[in-house]
Amino acid sequence: MIKHHLHPEILLSYAAGNTSSSESLIVASHITVCSKCRREVETFEKLGGKLLEESDSVDVNASSLDSIMSKISDHVSVDNASDVVSTNAVFKNIPSVLRKYLPDGSNLTENWSKGIGGIKYFDIDLGNSNQNTRARMLSIPPGKKLPHHGHESQELTLVIQGGFSDENGSYDVGDVAIEDEKNIHTPISDSKEGCICLVVYEGNLKFKGPLGPILNFLKI
Amino acid sequence: MFLENTFETANLSAKMSYINYKQDKTYKVLKPAVKDEELTNLIGLVATKKDKTAFSNLFKLVGPRIKGYLMKLGSNDIVAEDLLQEVMLTVWRKSETFDRSKAAVSTWLFTIARNKRIDMLRKEIRPQLDPMDPMLTPNEEESADDAYGSKQESLKITDAINLLPDEQSILIKMTYYEDKSHSMIAEELKMPLGTVKSRIRLASTRLKKLLEGNIHD
Ligand SMILES: [Zn+2]
């Protein structure tokens with residue numbers, strides 16, 4: 001049962017179509033497993049539909065219909081060849097919207113980068129270098145306590161496998177932790193399974209070098 | 001600005017029609033120009049028979065409104081026509097994915113138009129929910145009675161938006177009509193990001209109640 005949800009304002013933005021790519025990724029991944037938030041998104045899409053319905057009509061150029069009728073006549077049904085999703089068993093329990101951004105391997109984290117303390121991470125390339133939110137997968141070994149840390153800006157964490165807990169509660173698969181400037185916390189990963197999560201955060205990288213990404217992630 | 005000029009009168013008339021609505025339950029605030037059932041039938045013909053006449057009729061019925069919506073969002077005539085063609089091609093190709101038990105035609109068209117806009121304007125593929133994902137959890141039971149398409153009249157949603165406090169409605173308009181992210185809104189209105197988020201949160205909760213109320217009443 002999912003206990004920690006996304007806030008309605010990000011669900012509304014997702015439905016309206018103006019979340020960044022990395023925010024869209026975490027929303028789409030969460031609503032795959034959370035019917036409550038999915039229903040909210042559907043409600044906000046319905047709102048969009050109503051706004052479309054209530055828009056003023058604008059005359060369409062006569063040639064548009066001809067043009068589209070000729071396009072559909074030529075159209076041979078080739079559907080979504082680009083959407084090839086790996087069926088590798090290591091990806092089971094990963095929402096398919098997320099799966100297609102992750103590297104293949106004999107286990108989920110095989111081709112992720114190695115950080116300090118057994119932590120592994122993988123930066124997801126969403127082809128959106130001009131946007132100021134980023135998406136990173138993080139794998140934390142069992143029973144690991146992360147240093148007490150704060151956040152410069154909003155950070156969303158979706159638990160994919162295992163879980164973690166901090167001063168605010170415990171987070172299991174499908175739960176979203178929302179951290180912002182006001183939060184300072186000391187997360188501890190699940191003692192048996194550790195934690196694999198998707199983290200979406202705002203801001204620029206400040207630390208360079210091999211430890212950079214982890215230092216940046218922890219903002220220490 | 002455009003919003004401010006038209007705002008007072010729009011807000012007033014929205015409040016008036018809401019009052020009428022409250023006083024007389026039969027007051028018809030919104031008469032959709034086209035019946036949802038008619039559109040659903042046309043999409044059904046396209047899906048099952050690849051019926052070009054039905055598709056052409058569908059285009060004539062929904063095209064002008066989709067174009068109007070895209071232009072309201074800031075596309076010029078040429079871009080709106082291009083986008084409209086993309087939207088309608090997707091309607092042709094994906095007609096069998098339309099499920100009237102899940103969404104109204106207008107909602108389905110909205111999501112297609114939204115995605116095409118993002119693909120074209122941002123030149124990126126938006127990560128989004130895969131409706132065929134085996135991981136998808138079942139819907140909550142209460143949503144089973146959402147016969148969206150069957151409801152022909154409801155409180156006009158643009159009026160509902162205008163019924164929100166000004167400070168909230170402007171943020172909803174900027175989200176849907178100007179395609180602005182929270183941080184863009186914060187910058188433009190010189191407002192802390194946290195305030196933008198909390199106001200949109202309040203507004204979305206109220207709109208959600210209104211929309212969900214409409215479904216069940
Ligand atoms: Zn949720």
Side-chain angles (χ1 to χ4, degrees), chain A residues 7-9 11-13 16-21 24-25 28 31-36 38-61 64-65 67-69 71-73 75 77 79 85 93-98 101 126-128 132 180 202, chain B residues 30 32 52 55-56 59-60 63-69 71-72 80-81 84-85 88-89 92-93 103-104 106-111 113-115 117-118 124 126-130 133 135-140 143 148 156-158 175-176 179-182 197 200-201 204-205 207-208 211-212:
Chain A
H7 288 151
E9 69 271 18
L11 298 175
L12 180 117
S13 269
N18 45 45
T19 39
S20 67
S21 303
S24 300
L25 180 63
I31 65 176
T32 300
V33 293
C34 178
S35 52
K36 178 179 177 289
R38 186 165 69 238
R39 188 166 146 78
E40 281 194 39
V41 167
E42 284 166 2
T43 301
F44 295 135
E45 285 174 340
K46 189 178 172 224
L47 172 61
K50 294 221 161 261
L51 292 170
L52 187 150
E53 210 171 74
E54 291 170 19
S55 296
D56 296 331
S57 292
V58 174
D59 285 346
V60 174
N61 297 348
S64 270
L65 182 56
S67 154
I68 199 164
M69 293 313 284
K71 276 184 197 157
I72 63 171
S73 302
H75 179 68
S77 185
D79 233 8
V85 169
N93 301 331
I94 307 251
S96 68
V97 58
L98 175 59
Y101 295 102
L126 290 153
N128 60 336
N132 68 348
D180 60 26
E202 293 165 1
Chain B
L30 172 65
K52 287 184 184 166
F55 180 73
S56 161
F59 184 97
K60 286 171 192 159
R65 222 166 271 276
I66 295 175
K67 185 177 171 186
Y69 175 73
M71 291 187 72
K72 191 167 194 172
E81 288 278 340
L84 173 60
Q85 291 204 20
M88 292 309 294
L89 271 179
W92 173 259
R93 285 173 197 167
S106 61
T107 307
W108 187 60
L109 293 174
F110 165 77
T111 57
R114 173 195 67 194
N115 297 344
R117 279 187 67 246
I118 296 172
E124 67 181 38
R126 163 188 165 93
Q128 58 186 337
L129 180 71
D130 172 4
D133 194 334
M135 277 190 76
L136 216 62
T137 49
N139 282 336
E140 290 165 354
S143 67
Y148 285 141
K156 203 170 172 182
I157 198 68
T158 38
T175 304
Y176 276 96
D179 199 21
K180 299 241 163 70
S181 67
H182 297 152
K197 286 182 179 172
I200 295 182
R201 190 179 310 171
S204 58
T205 307
L207 287 170
K208 202 174 74 186
L211 284 162
E212 287 172 352

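In what follows, chains carry the letters A, B, and so on, assigned in the order in which the sequence lines appear, proteins first and then strands, with residues in each chain numbered from 1.
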- Message: Among A:Asn61, A:Ile68, A:Val60, A:Val58, exactly one meets side chain to side chain contact (heavy atoms under 4.5 Å, CB included) together with B:Leu84. Which residue is that?
- Response: A:Val60

- Message: Between A:Tyr101 and chain B, with a heavy-atom cut-off of 4.5 Å, which part of the residue counts as in contact: side chain, backbone, both or neither?
- Response: side chain

- Message: For A:Glu45 and B:Thr111, which I'm curious about, is there any donor-acceptor pair between the side chains at under 3.5 Å?
- Response: no

- Task: Can you measure from CE (A:Met69) to CH2 (B:Trp92) and round to the nearest 0.5 angstrom?
- Result: 6.5 Å

- Query: Just how far is it from atom CD of B:Gln128 to atom CG of A:Leu25, taken to the nearest 0.5 Å?
  - Reply: 11.5 Å

- Note on the structure: Test side chain to side chain contact (heavy atoms under 4.5 Å, CB included), reference B:Ser204, set A:Leu12, A:Thr43, A:Leu47, output is A:Leu12

- Item | Option in B:Ser181, B:Ser106, B:Pro138 with maximal non-hydrogen atom pairs under 4.5 Å from chain A | B:Ser106

- Is it the backbone or the side chain of B:Arg201 that comes under 4.5 Å from a heavy atom of chain A, or both, or neither? both

- Query: For A:Ile94, is it the side chain, the backbone, both, or neither that has a heavy atom closer than 4.5 Å to a heavy atom of chain B?
  - Reply: backbone

- Query: Counting heavy-atom pairs under 4.5 Å to chain A, which of B:Ile118, B:Leu129, B:Leu109 comes out on top?
  - Reply: B:Leu129

- Message: If only side-chain N and O atoms count, and only distance matters, is there a donor-acceptor pair under 3.5 Å linking A:Ser96 with B:Asp130?
- Response: yes

- Note on the structure: Taken to the nearest 0.5 Å, the spacing of A:Ser57 OG from B:Lys67 NZ works out to 11.0 Å

- Query: If you measure from the Lys or Arg side-chain nitrogens to the Asp or Glu carboxylate oxygens, is any gap between A:Glu9 and B:Lys197 under 4.0 Å?
  - Reply: no

- Report the distance from atom CG of A:Leu126 to atom CZ of B:Arg126, rounding to the nearest 0.5 Å. 12.5 Å

- Query: Under 4.0 Å between a Lys/Arg side-chain N and an Asp/Glu carboxylate O for B:Arg65 and A:Glu54?
  - Reply: no

- Note on the structure: Highest number of heavy-atom pairs under 4.5 Å with chain A among B:Lys72, B:Met71, B:Lys180 belongs to B:Lys180

- Heavy-atom distances under 4.5 Å only: say whether B:Leu136 touches chain A with side chain, backbone, both or neither. both

- Message: For a quick test of reading the model, state the closest non-hydrogen atom pair linking A:Ala28 to B:Pro127 and the distance between them.
- Response: CB-O, 4.3 Å

- Go through the side-chain N and O atoms of A:Ser67 and B:Gln85 and say whether any donor and acceptor fall under 3.5 Å apart. yes

- Message: Heavy-atom cut-off 4.5 Å, strictly under: side chain, backbone, both or neither for A:Asp56 against chain B?
- Response: backbone

- Query: Which bit of B:Met88 is near chain A, if near means a heavy-atom gap under 4.5 Å: side chain, backbone, both or neither?
  - Reply: both

